[in-house]
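Index from 1, following the sequence. On a predicted model such as this, the values are computed, not experimentally measured, just so you know.
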Amino acid sequence: METAGFSTSFRAWAVMVLAAALTYGCATYSGSNLVAGKSTAAEVESTMGAPAERMDAAGGEKVWFYPRGPAGRQTFAVRIGPDGVVRGVEQRLTEANIAKLAFGNTTEKDARALLGPPNLVYNYPRIKRSFWEYKMTAGENQTSNLKILALEFSADGILRGSTFQDDVAGFDLGGACLTC
């Protein structure tokens with residue numbers, strides 16, 4: 001049977017190719033194929049691509065950040081030792097990491113090292129504040145519990161406030177996820 005010039009067998013083949021491509025893409029999306037103590041920095045880049053940001057950490061470690069997912073709702077941090085070998089891969093946009101933030105003590109550098117680069121930064125010179133926005137998911141249902149974390153920093157780079165709220169822009173009025 002032919003429809004608009006494409007045979008049924010061609011469509012089936014196209015669907016299989018797309019499924020295979022998505023399967024391969026998902027396998028390397030989070031760096032889950034990387035092995036701590038064995039994988040190298042070169043393997044990280046060939047698997048995950050160039051990082052969005054690179055930071056120096058204690059003990060000569062490097063941390064490479066990879067914001068992923070719709071609207072960057074996940075940020076994976078790959079820790080690489082001074083020997084160029086992967087020390088670990090972890091998802092940083094978590095409620096446990098948010099709990100580590102301390103008003104009056106956490107600096108912009110601390111927050112960035114913990115959570116990775118924000119999705120958006122808003123600067124308000126008149127009030128001498130900047131606001132960082134992280135889009136993320138929370139709870140057990142990581143596909144539909146969309147959240148926004150907003151961090152407020154004063155001119156001296158110290159965390160002064162935060163909000164953690166539902167991302168209603170990611171849902172239609174019926175509750176279906178539009179950005180998942």
Side-chain angles (χ1 to χ4, degrees), residues 18-36 39 43-55 57 61-80 86-103 105-124 129-153 158-180:
L18 180 60
L22 289 174
T23 300
Y24 174 76
C26 290
T28 62
Y29 179 81
S30 66
S32 61
N33 63 321
L34 300 171
V35 178
S39 298
E43 290 173 303
V44 172
E45 284 207 72
S46 71
T47 298
M48 299 179 75
E53 185 167 301
R54 299 170 196 244
M55 292 186 79
E61 262 190 10
K62 307 275 185 208
V63 181
W64 293 1
F65 290 101
Y66 291 88
R68 302 287 203 221
R73 292 191 186 273
Q74 296 175 319
T75 296
F76 293 95
V78 180
R79 292 182 303 106
I80 301 170
V86 172
R87 297 262 172 95
V89 179
E90 55 198 30
Q91 210 291 82
R92 291 291 181 91
L93 295 180
T94 65
E95 291 174 272
N97 280 344
I98 293 170
K100 295 175 184 176
L101 300 170
F103 300 134
N105 290 322
T106 300
T107 66
E108 289 178 339
K109 183 179 178 182
D110 297 336
R112 203 169 193 109
L114 181 63
L115 302 173
N119 296 100
L120 295 168
V121 175
Y122 303 95
N123 291 306
Y124 296 95
R129 294 281 199 246
S130 66
F131 294 85
W132 293 8
E133 181 179 284
Y134 291 91
K135 293 184 180 232
M136 57 186 292
T137 56
E140 291 180 34
N141 187 352
Q142 293 291 303
T143 60
S144 63
N145 195 3
L146 306 179
K147 298 287 189 180
I148 295 177
L149 170 66
L151 303 179
E152 176 187 351
F153 293 96
I158 302 295
L159 181 64
R160 301 298 177 185
S162 72
T163 61
F164 187 60
Q165 61 194 28
D166 290 335
D167 182 2
V168 295
F171 292 92
D172 69 11
L173 294 177
C177 180
L178 300 175
T179 59
C180 299

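- The side-chain contact (heavy atoms from CB on, under 4.5 Å) search around Phe103 returns Leu159, Ser162, not counting sequence neighbours.
- With contacts defined as side-chain heavy-atom distances shorter than 4.5 Å, the pair Val86/Glu43 does not qualify.
- In this structure, the separation between OH on Tyr134 and CG on Asn119 is 8.5 Å, given to the nearest 0.5 Å.
- Aromatic ring orientation, Tyr124 versus Phe131: perpendicular (interplanar angle above 60°, classes split at 30° and 60°).
- The residues Arg112 and Glu53 are annotated as salt-bridged, a charged nitrogen and a carboxylate oxygen being separated by less than 4.0 angstrom.
- Residue Lys135 holds its NZ atom at 14.0 Å from NZ of Lys147, rounded to the nearest 0.5 Å.
- Asn97 contributes atom CG, which lies 10.5 Å from atom CG of Leu149 (distance to the nearest 0.5 angstrom).
- Taken to the nearest 0.5 Å, the CG atom of Asn145 stands 7.5 Å off from the OG1 atom of Thr137.
- Arg54 meets the side-chain contact (heavy atoms from CB on, under 4.5 Å) test with Glu45, Pro51, Trp64; sequence neighbours excluded.
- Atom CG of residue Leu93 and atom CD1 of residue Ile98 lie 7.5 Å apart, to the nearest 0.5 angstrom.
- Closest approach of Arg68 to Phe76, counting heavy atoms only: CG-CD1, 3.8 Å.
- In this structure, Arg160 does not pair ionically with Glu152, as no charged nitrogen and carboxylate oxygen lie closer than 4.0 Å.
- No donor-acceptor pair under 3.5 Å is formed between the side chain of Arg92 and the backbone N or O of Leu115.
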Quiz prompt | Trace of the side-chain contact (heavy atoms from CB on, under 4.5 Å) decision for Val63 with Val78 | solution = CA-CA 6 Å; Val63 181; Val78 180; over 6 Å; no
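- Qualifying salt bridge (charged side-chain N to carboxylate O under 4.0 Å, His left out) partners for Glu108, counting only residues two or more places apart in sequence or in other chains: none.
- Nearest heavy atom pair, residue Val89 against residue Gly31, reads CG2-O, 4.2 Å.
- Every residue two or more places apart in sequence or in another chain was checked for a salt bridge (charged side-chain N to carboxylate O under 4.0 Å, His left out) with Asp110, and none qualifies.
- Listed here is the closest heavy atom pair of Thr75 and Gly116: CG2-CA, 4.3 Å.
- In this structure Glu61 satisfies the salt bridge (charged side-chain N to carboxylate O under 4.0 Å, His left out) test together with Arg79, Arg87, sequence neighbours excluded.
- The ring-ring contact (aromatic ring centres under 6.0 Å, His included) test applied to Phe65 returns no partner, not counting sequence neighbours.
- Annotation: side-chain contact (heavy atoms from CB on, under 4.5 Å) contacts of Asn105 (sequence neighbours excluded): Ala102.
- With sequence neighbours excluded, the residues satisfying side-chain contact (heavy atoms from CB on, under 4.5 Å) with Ala113 are Met55.
- Rounding to the nearest 0.5 Å gives a distance of 7.0 Å between CE of Met136 and CD of Gln91.
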Practice problem: Please report the C-alpha distance between Lys100 and Thr106 in whole Å, then the side-chain angles of each, then the deciding distance to 0.1 Å, and finally whether the side-chain contact (heavy atoms from CB on, under 4.5 Å) criterion is met. | Solution: CA-CA 9 Å; Lys100 295 175 184 176; Thr106 300; over 6 Å; no
